[in-house]
Amino acid sequence: MEQVTRAIIGGTGVYDAGADDLRSVLVDTQYGQVTVEIGDFAGVKVAFLTRHGKNHSTPPHKINYRANMKALQKLGVRYIYAIAAVGACHKTYSVGDLVLMDDFIDFTNGRVSSYYDDSGTVAHVKMDSPYCRYLQGKLIGFSESLNLEKGVVYGCTQGPRFETVSEIRAYTQMGADVIGMTGVPEVCLAKELGMCYAAVGVVTNMCSGVEAEISHEEIISSMSKNKAKLISAFLKVFARELTQEDCSCRDSLLFL
């Protein structure tokens with residue numbers, strides 16, 4: 001099987017990495033089959049995974065997160081940048097802003113968030129730094145062009161419906177800055193597999209009650225406008241030598 005150490009995970013409105021030579025690879029895992037695109041960028045192989053599928057056919061609460069992350073691990077991936085569409089909980093942010101996830105609050109229910117649920121082994125994954133500080137730091141090196149908002153708390157909701165006005169009010173009071181539907185358990189599973197994972201949110205809409213309406217056209221337009229510069233920044237990081245010696249992502253599991 002082709003080996004690749006770097007990957008980009010895309011969500012709503014992000015369907016390719018802009019390479020001319022992307023080739024599809026079907027990866028078998030014990031959790032299901034996953035199609036991954038692999039391309040060469042200035043001599044560096046990068047895997048590209050679309051959470052929802054090429055035709056955006058899988059809703060957020062039905063995504064096979066365990067299969068997705070396991071497929072990347074089987075390919076040899078150790079470094080992941082993820083892109084997600086998010087709604088802003090307050091007017092600190094505007095549509096089109098790019099936010100670097102620093103922490104998360106899980107508002108989902110019923111999602112399988114561990115590889116150890118039925119393994120016969122009890123394991124706990126540390127979440128003091130859910131997003132890799134090392135990969136964050138590498139990306140911040142390009143923040144002048146990206147204008148990244150840092151220190152952002154991501155709230156993950158179940159979907160596929162949007163949140164009510166009262167829910168957004170409650171989530172904001174609990175500390176969420178932005179809301180999305182796909183970041184959890186993705187980040188948790190990456191941590192269990194010892195992979196470095198950092199995520200950038202594209203503010204595609206203001207949440208319910210912050211602005212009057214949520215427009216589908218606004219969501220797609222905002223994501224499309226930001227995709228190219230995000231992918232470019234990720235690839236610039238990936239073109240450089242990376243090491244897991246400068247972070248603790250490989251040592252996040254505790255077995256009792």
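A distance-only check finds a donor-acceptor pair linking the side chain of Q158 to the backbone of N109 [under 3.5 Å]. Remark: side-chain polar atoms of K191 are paired, donor with acceptor, to backbone N or O of S129 under 3.5 angstrom. Distance alone, capped at 3.5 Å, is enough to place a donor-acceptor pair between the K126 side chain and the D251 backbone. Panel note: side chain N64, backbone A67; a donor-acceptor pair is recorded below 3.5 Å. Judged purely by atom type and a 3.5 angstrom limit, H52 uses its side chain to pair as donor or acceptor with the backbone of T58. Counting only distance, with no hydrogens or angles, the side chain of T172 and the backbone of I168 share a donor-acceptor pair below 3.5 Å. Remark: side-chain polar atoms of T29 are paired, donor with acceptor, to backbone N or O of Y31 under 3.5 angstrom. Checking side-chain atoms of K74 against main-chain N and O of V27 turns up no donor-acceptor pair under 3.5 Å.
In this structure, the side chains of I105 and F107 come closer than 4.5 Å at one or more pairs of heavy atoms. Residues D40 and R23 meet the side-chain proximity criterion, which asks for heavy atoms closer than 4.5 Å. Counting heavy atoms from C-beta on, the side chains of F255 and T121 come closer than 4.5 Å. You'll find the side chain of Y131 reaches within 4.5 Å of the side chain of V187, heavy atoms only. Between K70 and Q30 the shortest side-chain heavy-atom distance falls below 4.5 Å. No side-chain heavy atom of D102 sits less than 4.5 Å from a side-chain heavy atom of V152. Between H124 and L253 the shortest side-chain heavy-atom distance does not fall below 4.5 Å. Side chains of L49 and L72 form a contact here, defined as non-hydrogen atoms less than 4.5 Å apart.
Rounding to the nearest 0.5 Å gives a distance of 12.5 Å between CD1 of I8 and CD of E37. Of the inter-residue distances, the one linking L189 atom CG with S114 atom OG reads 7.5 Å to the nearest 0.5 angstrom. Rounded to the nearest 0.5 angstrom, Y65 OH and S113 OG are separated by 11.5 Å. Residue K150 holds its NZ atom at 9.5 Å from CG of L139, rounded to the nearest 0.5 Å. Note: D246 CG to Y134 OH = 5.5 Å, rounded to the nearest 0.5 Å.
Across all non-hydrogen atoms, the minimal contact from I179 to C89 is CG1-SG, 3.4 Å. Residues Q3 and G76 approach most closely at OE1-CA, 3.7 Å, considering heavy atoms.
Residues Y115 and V112 fall into different hydrophobic clusters, defined by Ile, Leu, Val, Met, Phe, Trp and Tyr side chains chained together at heavy-atom separations under 4.5 Å. Following chains of ILVMFWY side-chain contacts shorter than 4.5 Å, one can reach I140 starting from L135, so the two form part of one hydrophobic cluster.
A side-chain N or O of Y197 and one of E186 form a donor-acceptor pair less than 3.5 Å apart. For T157 and E163, the side-chain atoms include at least one donor-acceptor pair closer than 3.5 Å. No side-chain N or O of S252 forms a donor-acceptor pair with one of E192 less than 3.5 Å apart.
With sequence neighbours excluded, the residues forming a side chain to side chain donor-acceptor pair (under 3.5 Å) with H90 are T92, D177, listed by chain and number. Here D97 pairs with nothing under the side chain to side chain donor-acceptor pair (under 3.5 Å) rule; sequence neighbours left out.
Using cut-offs of 30° and 60° on the angle between ring planes, the pair F234 and Y81 is parallel.
Residues in residues 103-114 take part in no salt bridge (charged side-chain N to carboxylate O under 4.0 Å, His left out) pair, two or more places apart or across chains.
In K62, the NZ atom is not crowded: 12 or fewer heavy atoms of neighbouring residues, nucleotides or ligands sit closer than 6.0 Å. Atom CE of M127 sits in a crowded spot, with more than 12 heavy atoms from other residues, nucleotides or ligands closer than 6.0 Å.
Of the charged side-chain nitrogens involved, none lies within less than 4.0 Å of a carboxylate oxygen, so that R133 and D128 do not count as a salt-bridged pair.
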